[in-house]
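Okay, structure first, notes after.
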Amino acid sequence: MMKRLVILMGLLAPFLASSQTKLKPKVIEIKKLVIDKRDSYEFSSRDSSVSIFIDTLVMRPDAKIKFLNKKDVTMLVRHAVIEKGAWMGGSDGKNNGTNIKLDINFSNLKNLTINVAGQDAKSANRKFDNGNGGNVVINYLSSGTVPQIQTTKQPAYIEIDNRGGGYRTNPQSDLAVIFGQIRSGSPGRPLG
């Protein structure tokens with residue numbers, strides 16, 4: 001009996017070890033990341049989850065950080081200088097917005113847009129339904145610049161767009177397209 005148990009555990013050990021390693025997200029460490037005016041920086045590895053540690057982040061005006069095919073992103077930034085028009089966001093490749101957990105120390109913050117909205121099935125990936133918006137959690141140090149979400153004209157403004165996909169569709173025009181396709185079928189077999 002003991003021999004069978006040891007052999008069974010020996011057979012299961014590789015499967016247990018591989019399932020443990022799949023749960024750990026990839027960690028990316030960056031000493032200093034400077035994104036110039038109107039440039040973008042993409043995180044696009046094969047993993048659907050990623051943890052990012054950035055010691056110093058500088059985003060010039062209209063700079064972008066994109067998360068491509070990422071379901072979950074955890075980002076820790078020790079020192080951040082965010083200028084006007086900065087943007088970050090992404091999707092999981094299946095029309096859903098990326099879930100972002102951001103731990104950050106804003107040394108300077110003009111304004112930042114975080115866009116993790118769900119995408120429309122018609123305009124994005126047609127294999128999947130309208131997507132869900134991503135979840136955004138921001139933890140910041142109160143000793144740095146304190147962000148606000150009330151007034152767009154004031155400094156330190158953060159805008160978060162995480163609504164679900166399908167908000168740009170028009171049911172009347174969709175029905176008109178469907179009825180047009182039905183009418184254009186062959187005689188005697190309109191749905192063929």
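For Ser45 against Lys70, the heavy-atom pair with the smallest separation is O-NZ, 2.7 Å. Closest approach of Ile100 to Val116, counting heavy atoms only: CD1-CG1, 3.7 Å. For the pair Asp55 and Lys31, the tightest heavy-atom approach, listed with the atom from each and the gap, is CB-O, 3.0 Å. When all heavy atoms of Thr98 and Ser91 are compared, the pair lying nearest together is OG1-N, 3.1 Å. In terms of heavy-atom proximity, Pro155 sits nearest to Gln148 at O-NE2, 3.4 Å. Of all heavy-atom pairs spanning Asn132 and Asn96, the tightest one is N-OD1, 2.8 Å.
Remark: side-chain polar atoms of Lys101 are not paired, donor with acceptor, to backbone N or O of Leu76 under 3.5 angstrom. Of the possible donor and acceptor atoms, none in the side chain of Asn162 sits under 3.5 Å from a partner among the backbone N and O of Gly133. Formation of a donor-acceptor pair under 3.5 Å by the Asn99 side chain with backbone atoms of Asn135 is found in this model. At least one donor-acceptor pair closer than 3.5 Å links the side chain of Asn111 to the backbone N or O of Gly85.
The only member of Val50, Asp92, Asp47 that meets side chain to side chain contact (heavy atoms under 4.5 Å, CB included) when paired with Lys71 is Asp92. No option in Leu109, Asn105, Val146 other than Val146 meets the side chain to side chain contact (heavy atoms under 4.5 Å, CB included) test with Tyr140. Partner of Met75 under the side chain to side chain contact (heavy atoms under 4.5 Å, CB included) criterion, chosen from Asp103, Ile104, Ile65, Ile28: Ile65.
A salt bridge does not link Asp62 with Lys64: every distance from a Lys NZ or Arg NE/NH1/NH2 to an Asp or Glu carboxylate oxygen is 4.0 Å or more. Ion pairing between Arg38 and Asp36 fails under the 4.0 Å rule for side-chain N and carboxylate O. A salt bridge links Arg60 with Glu83: the closest approach of a Lys/Arg side-chain nitrogen to an acidic carboxylate oxygen falls below 4.0 angstrom.
How far OG1 of Thr145 is from CG of Asn108: 5.5 Å, rounded to the nearest 0.5 Å. Remark: Glu159 CD to Asp161 CG distance equals 6.5 Å, nearest 0.5 Å. Ile149 contributes atom CD1, which lies 14.5 Å from atom CD of Gln154 (distance to the nearest 0.5 angstrom). Distance CD1/Ile160 to CE/Met88: 11.0 Å, rounded to 0.5 Å.
Side-chain contact check for His79 and Thr56: no donor-acceptor pair (N or O, by modelled atom type) lies under 3.5 Å.
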What do the steps show when you test Ile82 against Leu57 for side chain to side chain contact (heavy atoms under 4.5 Å, CB included), and what is the final call? CA-CA 8 Å; Ile82 311 291; Leu57 173 65; 4.2 Å; yes
Please assess Ser44 against Lys66 for the test side-chain hydrogen bond (donor to acceptor under 3.5 Å, both in side chains), listing each intermediate value before the final yes or no. CA-CA 8 Å; Ser44 61; Lys66 298 178 183 179; over 6 Å; no
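Residues Ile35 and Ile114 share a single hydrophobic cluster, defined by chaining ILVMFWY side chains whose heavy atoms lie under 4.5 Å apart. Put simply, Trp87 and Val73 are part of two different groups of oily side chains (I, L, V, M, F, W, Y) that touch within less than 4.5 Å, one to the next. Met59 and Leu33 fall within the same hydrophobic cluster, where Ile, Leu, Val, Met, Phe, Trp and Tyr residues are linked whenever their side-chain heavy atoms come under 4.5 Å apart, directly or through other members. Using a 4.5 Å cut-off between side-chain heavy atoms of Ile, Leu, Val, Met, Phe, Trp and Tyr, with links allowed through other members, Leu102 and Leu141 fall into different hydrophobic clusters.
Sorted by first and then second residue, the pairs that involve residues 28-67 and meet ring-ring contact (aromatic ring centres under 6.0 Å, His included), not counting sequence neighbours, are Tyr41-Phe43, Phe43-Phe67.
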